Amino acid sequence: MTSPRSRETARPTWNTDAVPPETRKAPTTRSMHGHDVVDDYEWLRAKDDPQVIEHLERENAYAEAVTSGLGTLRSSIFGEIRSRTQETDLSVPNRLGDWWYFRRTVEGKNYASFCRVPALNTGDLRADWTPPEVPADAALDGEEVLLDCNELAEGLPFFALGSFHVTEDGRLLTYSVDDSGDERFDQYVKNLTTGSLLPDVVEGVFAGGFLTPNGSHLIYTLVDDSWRPYELRSHRLGTPVGQDLVLHHEEDVALWLGTETTADEKHLCIDVGCSEYNETRLLALADLEAAGSGRAPVAHVVIPRDERVLYSAEPIDLNGRSYVLLCHDHQAPNGELTAVDYESALSGLSMDELRSAWTVVVPASSTRRLNGFHFNQTHLAASLREDGLEKAGFISLDAIRQTLEGGDLPEPVEPFSGEELYTAKITAMALRSPVVGLGYISYVTPWRQYDYFPGLDELELRKQTPVLGGFRSEDYVAHREWAHAPDGTMVPLSVIHRADADLQTPHPVIQYGYGSYEASSNPGFSVSRLSLLDRGVVYVVAHVRGGGELGRDWYLQGKKLQKTNTFTDFVAVTDHVAAQPWADESRIAAYGGSAGGLLMGAIVNMAPEKYCGVLAAVPFVDPVTSISDPDLPLSALEWEEWGNPIEDKEVYEYMTSYAPYENVRPVAYPPIAAVTSLNDTRVLYVEPAKWVPKLREFTTGTAPILLRIEMDGGHGGGSGRYRQWEDTAWEYAFLLNCLGIDS
């Protein structure tokens, strides 16, 4: 372990001879609600303008020049990530039908290969459902390579695999490919018996296409000009794409369209919704099979959108009757699971009528969030959140049957316990599978994949992700602390560090945050983070409002007209950290991405003096401009998260009070690095591209402000694991240098 440097010797090293590119001004005015805003850098939105590309390339050159002295540190971090990663490896085989499917990675190759081997059918539960031991560096007898992504990516500047779906009978595979990073995919179908591609190719679709269980239809979604999934189509294999049926066309620009096969494998679930409400339709696959050319079958609405209920719906057969299980938030903000007769659920009842018809299966709770559920032929698995942790709980279908007949439901059985901070996830559950895939991970425990036999309440560890280079979990620790927000709310934070760190000695700190869309920053392991911890860094995760860590209300307190709670919570965590004996208050760096990048922009305007450096990845720093134009990618979908500044003056004024780009002011900003991608469709590159020159214009200090842009990447940066490791090494080297650590 590298000892933390003293405060006297902790000085960042930048190439001060590098000169930032001049960014010309071309003032444009945005007028809304009687308020005029002059924007000098909006011209950078013209992605196809050669002057814009030239400017972005100059920004890249400047960022490399300023950080040129960090090359050795970057190389060290990249080498550490690579040396700790078992590059030739494979996933735990997962059984579907008569095959075991798994994924291989090979040293020196960027992408995975998808493979399978035949399964046994002896009638012995353990023998038939114990995955084969596949050697990492050799093929098994009968092993087939279904898809080699390295071959698909050959010669492409960018590669991302979208969907990968095999029919249960093992005959057909469908997959989708994005070769630019703009999240528009081409969907293919492969005959796994012959190894040949079918002529059924659909271009420019959303990522998640799949085949119906019998392989007769390809189900896919189209996106509009703003990248919103808006139209669901069905393609009968062997027919012209031009004859595909439109199963749903969604006109509301503020709603996202998605679909999947229900757990009973008899319906399509067609869902449109946002973060506050949705509308689910169930379409019987038998009706799709019987549909004639040009005539789409009828899909039945469960709860209409006008009821403003957030829910999911799954048909299920119980007690010889057909029901629909509803996980909903009607008068139950943290979720409630109910069962209603199938015919009643699809007959267009009002909410009052529906409530009188359903039976509560898992009641609402003020302390436990019910996020969703899965089921097989014997058990229901609930995804739960309690005490800030994601958990999995199991209830037998027999117990649910008894509940429907008036009995009491037992508490869900939770297979995991132990560490203070962990995450448990349901990774695989299929109707005819007697085992459930479960994953377990923590800040100090690499991913563990288990098979769970719910009828026996037994866990079988199938694999723990190997971490090489002498890694030992016991060398690192994580614990929970609480900070006081300005309004008195207690904000949780997770603290991760080496076990041998002297917590009476000040250490440099990197503080991470997100806090939007009810997305929780769950405890998770990171190989790359070890490079920070081993250099004496204490890593802090701020679980701020706007996330979902403490239930639905935690999210509601950090959105729309309460959004600033997210920012003040983060600063409150910083103040708490700075007061601890283990933290050096002069060496706290902040890090966040996407909506967490907005968080970075807000806190660096609010309290620039509290941070010695800020890394903002794909940062959403110009939200007012973006979501005031419904024609921009995904903008209208954001109204339910932030409010609609076009129609609501109060929302507009509130957003302009915190929007990072509009609140840049004359202060001494710390070193800031904004990293983005040219083809990102979720947060357009132009937001950080405008923010950086404005920061340079207003700062009263001399710290570097950098823009690093991936010219061939998307929202997740460049493609390929080695390129991503290089990007991580650059970002970590920047943060470490801000902390005064240059080796």
Side-chain angles (χ1 to χ4, degrees), residues 167-168 210-214 216-217 219 232 234 247-248 257-273 278-291 296-305 307 309-330 335-351 353-362 370-383 394-405 409 426 428-433 436:
T167 54
E168 187 166 354
F210 60 91
L211 293 161
T212 53
N214 68 357
S216 63
H217 289 73
I219 308 298
L232 178 66
S234 171
L247 301 181
H248 184 78
L257 170 65
T259 187
E260 61 183 357
T261 304
T262 54
D264 70 352
E265 300 179 356
K266 297 178 182 178
H267 300 77
L268 285 182
C269 174
I270 304 170
D271 188 82
V272 292
N278 67 298
E279 178 178 87
T280 289
R281 289 172 166 82
L282 294 177
L283 189 158
L285 288 171
D287 293 342
L288 180 62
E289 290 291 338
V298 175
H300 298 277
V301 174
V302 181
I303 301 175
R305 65 189 72 185
E307 297 286 358
V309 176
L310 197 62
Y311 70 100
S312 60
E314 287 279 357
I316 188 172
D317 291 333
L318 294 167
N319 294 349
R321 295 176 56 190
S322 295
Y323 292 87
V324 173
L325 294 178
L326 295 174
C327 180
H328 65 90
D329 71 348
H330 181 67
E336 179 179 69
L337 184 64
T338 59
V340 62
D341 176 76
Y342 180 88
E343 296 299 329
S344 299
L346 302 187
S347 61
L349 299 180
S350 69
M351 277 307 302
E353 292 170 327
L354 201 58
R355 284 189 64 86
S356 65
W358 70 36
T359 300
V360 175
V361 176
V362 178
L370 176 61
N371 291 319
F373 65 94
H374 309 266
F375 64 84
N376 61 12
Q377 292 178 322
T378 63
H379 282 77
L380 180 142
S383 175
F394 289 82
I395 304 170
S396 73
L397 294 189
D398 284 341
I400 293 176
R401 292 184 183 99
Q402 294 171 12
T403 300
L404 294 175
E405 295 172 353
L409 187 75
I426 303 159
M429 193 169 191
L431 185 65
R432 284 175 290 278
S433 173
V436 181

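This structure is a prediction, so every number in the text was calculated from the model and none was measured.
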Could you walk me through whether T167 and T212 pass the side chain to side chain contact (heavy atoms under 4.5 Å, CB included) test, one step at a time?
CA-CA 8 Å; T167 54; T212 53; over 6 Å; no
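- Side-chain contact of E289 with N214: a donor-acceptor pair under 3.5 Å is present, judged by distance alone.
- Scanning both residues, I426 and S383, for their nearest heavy atoms gives CD1-N, 4.2 Å.
- Between the side chains of E353 and S350, a donor-acceptor pair is found at a separation under 3.5 Å.
- Annotation: side-chain contact (heavy atoms from CB on, under 4.5 Å) contacts of L346 (sequence neighbours excluded): L282, H300, V302, Y342.
- Considering only residues two or more places apart in sequence or on other chains, F210 meets the ring pair (Phe, Tyr, Trp, His ring centres under 6.0 Å) condition with none of them.
- Using modelled atom types, one side-chain atom of D329 and one backbone atom of L310 make a donor-acceptor pair closer than 3.5 Å.
- Distance check: H374 NE2 to L380 CG gives 9.0 Å after rounding to the nearest 0.5 Å.
- The side-chain heavy atoms of Q377 and L431, taken from C-beta on, include a pair separated by under 4.5 Å.
- Residues V340 and A345 approach most closely at CG1-CB, 3.5 Å, considering heavy atoms.
- For the pair C269 and T280, the minimum side-chain heavy-atom distance is below 4.5 Å.
- Using a 30° and 60° split on the angle between ring planes, H330 and H328 fall in the tilted class, from 30° to 60°.
- Residues N376 and S433 form no side-chain contact, since every pair of their non-hydrogen atoms from C-beta on lies 4.5 Å or further apart.
- Between P315 and F375, the shortest heavy-atom distance links the atoms O-CZ, 3.3 Å.
- Side-chain atoms of H267 and D264 include a donor-acceptor pair closer than 3.5 Å.
- Residues M351 and I303 meet the side-chain proximity criterion, which asks for heavy atoms closer than 4.5 Å.
- L247 CG to L232 CG: the interatomic distance, rounded to the nearest 0.5 Å, is 4.5 Å.
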When you look at L283 and V298, which way does the side chain to side chain contact (heavy atoms under 4.5 Å, CB included) test go after all the steps?
CA-CA 7 Å; L283 189 158; V298 175; over 6 Å; no
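- With contacts defined as side-chain heavy-atom distances shorter than 4.5 Å, the pair I395/V362 qualifies.
- In plain terms, the two heavy atoms of P304 and E279 that are nearest each other are CA-OE2, 3.5 Å.
- Residues V360 and T403 come closest through the heavy atom pair O-CG2, 3.6 Å.
- Between the side chains of S322 and D317, at least one donor N or O lies within less than 3.5 Å of an accepting N or O.
- Atom OG1 in T338 sits 4.5 Å away from atom CG in L326 (nearest 0.5 Å).
- Rounded to the nearest 0.5 angstrom, I400 CD1 and H379 NE2 are separated by 9.5 Å.
- Judged by distance alone, with hydrogens and angles left aside, the side-chain atoms of N278 form a donor-acceptor pair with the main-chain N or O of Y311 at under 3.5 Å.
- Looking at T259 and D271, their side chains never come closer than 4.5 Å, going by heavy atoms from C-beta outward.
- At a threshold of 4.5 Å between non-hydrogen side-chain atoms, the residues W358 and E336 count as touching.
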Would you please test Y323 and L404 for side chain to side chain contact (heavy atoms under 4.5 Å, CB included) and show each step?
CA-CA 11 Å; Y323 292 87; L404 294 175; 3.8 Å; yes
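- For the atom pair CD of E307 and CG of L349, the computed distance is 10.5 Å after rounding to the nearest 0.5 Å.
- In this structure, L285 and P213 have side chains that are in contact, with non-hydrogen atoms separated by less than 4.5 Å.
- The distance from the OG1 atom of T378 to the CG atom of D398 is 8.5 Å, given to the nearest 0.5 Å.
- Heavy atoms only, all atoms of each residue included: A299 and R281 are closest at CB-CB, 3.7 Å.
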